[in-house]
Amino acid sequence: MKIILLGAPGSGKGTQGDLVTKKYSFPRISTGDLLREAVALGTPLGKEAKAIMERGDLVADDLVVKMVEERITKPDCAEGYILDGFPRTINQARKLENIDKNHQEVVIEIYLPDQVVIDRLSARKICSNCGTIYNLLGHTLEAENICNVCSGKLIRRDDDKLEVIQARLKVYHEQTEPLVDYYKAKTNYFQINGEGTIEEIFARVCEVLDKAIEKAEN
Ligand code: AMP
């Protein structure tokens, strides 16, 4: 199964993707994480992507598609995988279909109004050491600015600044949202409400996935 998580930045794709991986064992592939890793390592791809990501724009389709192709052809993806942040354009979606014709596609859109996205991302911090994501509106920290899991320092992502959040939302509406109609017309597409607690949203995700898995098995 090829699970595609669609949704604006900050809609909770990463958090829900991690929970899906824990429960269903499909590896989560986040193009944002892979790109941030390339930036941190200073690879040629990272050097090309850095300024684009800081502005909140999209990295070129070909670069991202190549990165995804390399990842989804690894043995741990044989039974399926969950994509977080990819595809982000119709062109990427078409390329993905050509790369992987085998796995059945399930698309879950986590819907959130823009203002909720802005409030959430403005309150988001991540651990500079282990990557745990904190929404400071909902999480209680044991010590200020320190990760509860590993005691690493919490930082704000460069692209979680207000002007960049607004730019990322604009890019989402212009380039990624057309995927909603694209997938509605052709595949197993489900929209879920992205408001509520992490557990409430995960229950909605599981309901969709359990149905899709049952359908695929029959
Ligand atoms: P994310 O962590 O998914 O919000 O991604 C962070 C940034 O990485 C985005 O704002 C883009 O600049 C870049 N990025 C991630 N995924 C893609 C993609 N599928 N296509 C183009 N750029 C991407």
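Order of appearance sets the numbers: ligands from 1, and atoms from 1 within every ligand. Because only heavy atoms are used, hydrogens play no part in the values below, and waters and symmetry mates are left out as well, while side chains stay in.
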Quiz prompt | E207 atom CD: more than 12 heavy-atom contacts under 6.0 Å | solution = no

Query raised in the report: Is there a donor-acceptor pair closer than 3.5 Å between any side-chain N or O of S128 and the backbone N or O of K153?
Result: yes

Residues at least two apart in sequence or cross-chain that pass salt bridge (charged side-chain N to carboxylate O under 4.0 Å, His left out) with K186, listed by chain then number, are E97, E105

Ring pair (Phe, Tyr, Trp, His ring centres under 6.0 Å) pairs touching residues 73-129, sequence neighbours excluded, are Y81-H103

Near ligand 1 (heavy atom, under 4.0 angstrom), the protein residues are T31, G32, L35, R36, M53, D57, L58, V59, V64, G85, F86, R88, Q92, R157, D159, R168

Cluster membership besides L169, Ile/Leu/Val/Met/Phe/Trp/Tyr side chains within less than 4.5 angstrom, sorted by chain and number, is L112, V116, V117, I118, L121, L162, I165

salt_bridge(D62, K95) N-O dist < 4.0 Å: yes

